[in-house]
Amino acid sequence: MNEHINPVIFVMGVSGSGKSTIGKLLSLKLSLPYFEGDEYHSPENIAKMSAAQPLTDIDRQVWLESLNQLAINQGKNKGCIIGCSALKEKYRKTLAKGVSQPVYFVFLEGNFEIISQRLQNRKGHFMPPALLQSQFEALQIPENAIKINILDPPEQIVNNIIQNLSH
Ligand SMILES: Nc1ncnc2c1ncn2[C@@H]1O[C@H](COP(=O)(O)OP(=O)(O)OP(=O)(O)O)[C@@H](O)[C@H]1O
Ligand SMILES: O=C(O)[C@H](O)[C@@H](O)[C@H](O)[C@H](O)CO
């Protein structure tokens, strides 16, 4: 990645794939601000997920638009990293629309078993492991993304991402 551009990097994947963990570490390494997509959900969306009901396309629309606005604003600034599930191709189009700086999607790729195990062990998060199946059902594997295997430790994953960004 050319250090003179202000990239907008979306770290994407199903719930529990490691978006927050990796996004924050990448943010430290690249000196770019990290924004947590979960913090942009409406209280209604959070309540729905907490009650183990998957969000619909309509539920996600306003949320995706607010993250798109964030990407547009931060792209004009120094760039940023945003953690967002971005499960479907049309969501990724909404997220990237009108962003003048280069947009990258980093897809944290892992299977149901490993992510389910990580979610069972995670404490204090509203997203119940029971929703993981619906996340995989909604997921459309991105074609134009940097794909990263989540079995590696976080430090290694971040190094892999940086290596891929600089190609
Ligand atoms: N590479 C890794 N190796 C081992 N454990 C990891 C790794 N990445 C994340 N974890 C752990 O897996 C759990 C899920 O990670 P994290 O909360 O970052 O996922 P997320 O994609 O942000 O989830 P959500 O979308 O539900 O907010 C956490 O307990 C985290 O510590
Ligand atoms: O698109 C979605 O279904 C939601 O955004 C979820 O993925 C959550 O935001 C998050 O990942 C849970 O912590």
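Numbering of ligands and ligand atoms starts at 1, following listing order.
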Which pairs pass salt bridge (Lys or Arg N to Asp or Glu O under 4.0 Å) with one or both residues in residues 41-55, sequence neighbours excluded?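 Non-adjacent pairs meeting salt bridge (Lys or Arg N to Asp or Glu O under 4.0 Å): Lys48-Asp59.
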
Collect the protein residues that have a non-hydrogen atom under 4.0 Å from ligand 1 and hand them over in chain and number order.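 Correct list: Val14, Ser15, Gly16, Ser17, Gly18, Lys19, Ser20, Thr21, Asp38, Arg118, Arg122, His125, Ile150, Asp152, Pro154, Ile157.
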
For ligand 2, which atoms, with element, lie under 4.0 Å from some heavy atom of [X]?
X      : result
His125 : 13 (O)
Arg60  : 1 (O), 2 (C), 3 (O)
Met49  : 4 (C), 6 (C), 8 (C)

Less than 4.5 Å apart, side chain to side chain, heavy atoms only: is that true for [X] and [Y]?
X     : Y     : answer
Ile72 : Val8  : no
Asn6  : Asn77 : no
Ile9  : Ile82 : no

Looking only at side-chain N and O atoms, does Glu89 offer a donor or acceptor that is under 3.5 Å from a partner on Tyr91?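 Note: Tyr91 and Glu89 side chains miss the donor-acceptor criterion.
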
Indicate whether any N or O donor in one side chain lies under 3.5 Å from an N or O acceptor in the other, for Glu155 and Asn159.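 Their side chains do not contain a donor-acceptor pair, so the 3.5 Å distance test is not met.
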
Looking only at atom types and distance, does a side-chain atom of Glu109 sit under 3.5 Å from a main-chain N or O of Lys147, one as donor and one as acceptor?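 Side chain of Glu109 to backbone of Lys147, a donor-acceptor pair under 3.5 Å: no, none is there.
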
Whether the side chain of Trp63 engages the backbone of Asn45 through a donor-acceptor N/O pair (distance < 3.5 Å, no angle test) should be reported.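 Looks like no, no N/O pair under 3.5 Å.
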
Salt bridge check: are Glu113 and Arg118 linked by an N-O gap of less than 4.0 Å?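 Salt bridge flag = no for Arg118 with Glu113.
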
So, are Asp57 and Lys88 salt-bridged, with charged N and O less than 4.0 Å apart?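 Salt bridge: yes.
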
Does the residue Tyr91 have a heavy-atom contact with ligand 2, meaning some pair of atoms that are separated by less than 4.0 Å?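 Not so, Tyr91 does not reach ligand 2.
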
Tell me whether Arg122 has any N or O atom under 3.5 angstrom from an N or O of ligand 2.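 So ligand 2 has no N or O lying under 3.5 Å from an N or O of Arg122.
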
Which residue holds the protein heavy atom closest to [atom], what is that atom called, and what is the gap in Å?
atom                    : answer
atom 9 (O) of ligand 2  : Asp38 OD1, 2.7 Å
atom 5 (O) of ligand 2  : Trp63 CH2, 3.0 Å
atom 11 (O) of ligand 2 : Lys19 NZ, 3.5 Å

